[in-house]
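Worksheet: the structure to be examined is printed underneath.
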Amino acid sequence: MTQPTPIRRSRLRVLDAFCCIGGAARGYQDLGWHVTGVDIKAQPDYCGDAFHQGDAVEFIREHGHEFDFIHASPPCQGEGAPTKGTNAARNARTGRRHPRLIAPTRAALDMVGRPYVIENVAGSEVRKDLRLCGEQFSLAVLMHRYFELGNWTTPQPVHPAHRGRVRGWRHGQYFDGPYVAAYGKGGGKATAQEIREAKGIGWSHDHLALREALPPAYTRWIGTAFLTRTEEAAA
């Protein structure tokens, strides 16, 4: 997919909330922006320019006004269809619970008033202002993700047809294809190295973190679109 042509490359200050290893951060860094990550867990592989360990929602409330743009990726484990449907009874029986942080994250972002994006999976409560897929960037992973845009907008890019299947086993049958399964383990799922190559993430070998990380191409596109729309509005 063709990138929107940026009109300028300002060194914006970006807050990367729920940052994990920084898949989102690297895309913004590729535009020359300064990125500060915050996560409840220590993230030794984080690739951003600065990192704070702590509650991301509280950090947005207290420091969000210090940034030009905020990216938030609240945990998605409690948002997907399996958790809400297929696995709901089992989770209730075992007492397993996942945090639901989209609403409090949105409230904190709206309070701060900065331009923002909230990223999450299909079935989540994010407003579906934008959908991105690895095929739009010729990646070897599909990874459909949805983005709610706050205090700015951009048109939805074309979603090209997929070139084939995701490689791996399905119901006892093996399928080949141009995409790797960057989730779970076994059954032909992607190795850490395969995910690194498929997503364009070369700074971590943590299999779980790699599975959860956004491909930097997604946020490189978002950041470029934001600059373009900002300059158009100013003109």
### Query
Looking only at heavy atoms, which two atoms of L132 and P157 are closest? And how far apart?
CD2-CG, 3.9 Å
### Message
Please check: side-chain N/O of R114 versus main-chain N/O of F67, any donor-acceptor pairing under 3.5 Å?
### Response
yes
### Pairs where residues 177-201 contributes a residue and the test salt bridge (Lys or Arg N to Asp or Glu O under 4.0 Å) is met, not counting sequence neighbours
R167-E194
### Message
With heavy-atom distances below 4.5 Å as the criterion, would you say the side chains of L109 and I60 are in contact?
### Response
yes
### Message
Can you tell me how far apart CZ (R163) and CD (E135) are? Round to the nearest 0.5 Å.
### Response
4.0 Å
### Query
Does the side chain of Q43 come within less than 4.5 Å of F51's, by heavy atoms?
yes
### Task
Could you work out the complete set of other residues in the hydrophobic cluster of Y179, with links drawn between I, L, V, M, F, W and Y side chains under 4.5 Å apart?
L142, V166
### Shortest non-hydrogen separation from T153 to R229 and the atoms involved
O-NE, 2.9 Å
#### Entry: Option passing ring pair (Phe, Tyr, Trp, His ring centres under 6.0 Å) with W152 (candidates F226, Y116, F147)
F226
#### Entry: Contacts of W169 that satisfy side-chain contact (heavy atoms from CB on, under 4.5 Å) - sequence neighbours left out
Y174
### Task
Treat each ILVMFWY residue as a node, draw an edge where side-chain heavy atoms are under 4.5 Å apart, and state whether V112 and F59 are in one component.
yes
### Close side-chain approach of H52 to T36, heavy-atom, < 4.5 Å
yes
### Query
Which heavy atom of R211 sits nearest a heavy atom of G184, and at what distance?
NE-N, 3.4 Å
### Sequence-distant partners of R127, side-chain contact (heavy atoms from CB on, under 4.5 Å), two or more places apart
D129, E148
#### Entry: Min side-chain heavy-atom separation R170-Q173 under 4.5 Å
no
### Query
Any sub-3.5 Å donor-acceptor pair from E231's side-chain atoms to T228's backbone N or O?
no
### Query
With sequence neighbours left out, what residues match H159 under ring pair (Phe, Tyr, Trp, His ring centres under 6.0 Å)?
H144, H162
Could you go through residues 15-28 and list every donor-acceptor pair under 3.5 Å that involves a side-chain atom there, pairing it with any protein atom two or more places apart or in another chain?
from : atom 1 : to  : atom 2 : distance (Å)
D16  : OD2    : Y46 : OH     : 3.0
R26  : NE     : Q29 : OE1    : 3.1
Y28  : OH     : H71 : ND1    : 3.0

### Message
For R13, is there an ion pair with D68 - N to carboxylate O distance below 4.0 angstrom?
### Response
no
### Query
Looking at residues at least two apart in the chain, or sitting in another chain, which of them share a side-chain contact (heavy atoms from CB on, under 4.5 Å) with A198?
A140, V141, V180
#### Entry: Residues which pass side-chain contact (heavy atoms from CB on, under 4.5 Å) with D206, listed by chain and number, not counting sequence neighbours
D45, S204, L208, A209
### Task
Grab the two heavy atoms, one from W221 and one from P155, that are nearest each other, plus how far apart they are.
CH2-O, 3.9 Å
### Message
Between E125 and R106, is the salt bridge (Lys or Arg N to Asp or Glu O under 4.0 Å) condition met? List the steps.
### Response
CA-CA 10 Å; E125 297 175 2; R106 179 188 296 117; 5.4 Å; no
### Task
State the SG-CD distance between C76 and E119, to the nearest 0.5 angstrom.
7.0 Å
### Message
Check for me, please, whether I201 and I222 land in the same ILVMFWY cluster - side-chain distances under 4.5 Å, paths through other members count.
### Response
no
### Query
Once you round to the nearest 0.5 Å, how far does CZ of F175 lie from CZ of R165?
4.0 Å
## Note on the structure
Residue set satisfying salt bridge (charged side-chain N to carboxylate O under 4.0 Å, His left out) with E58, at least two apart, ordered chain then number -> R61
### Task
Report yes or no: do F69 and L214 belong to one cluster of Ile/Leu/Val/Met/Phe/Trp/Tyr joined by side chain heavy-atom distances under 4.5 Å?
yes
### Task
With rounding to the nearest 0.5 Å, note down the distance linking CE in M111 to NE2 in H65.
9.5 Å
### Listed once per pair and sorted, the ring pair (Phe, Tyr, Trp, His ring centres under 6.0 Å) pairs that draw on residues 183-220, sequence neighbours left out
F137-Y218
### Task
Mind checking side-chain hydrogen bond (donor to acceptor under 3.5 Å, both in side chains) for N151 and listing every partner two or more places apart, or none if nothing turns up?
none
### Task
Specify the closest pair of heavy atoms between M143 and P215, including all atoms of both residues, with the distance to one decimal.
SD-CD, 3.6 Å
### Message
A side-chain contact here means heavy atoms from C-beta on lying under 4.5 Å apart; do I118 and P74 qualify?
### Response
yes
### Task
Kindly say whether N120 contributes a backbone atom to a donor-acceptor pair with the side chain of S124 at under 3.5 angstrom?
no
### Query
Quick one: does D49's side chain have a donor or acceptor within less than 3.5 Å of a partner on V35's backbone?
yes
### Summary
For P75 and L101 the tightest heavy-atom approach is CD-CD1, 3.8 Å
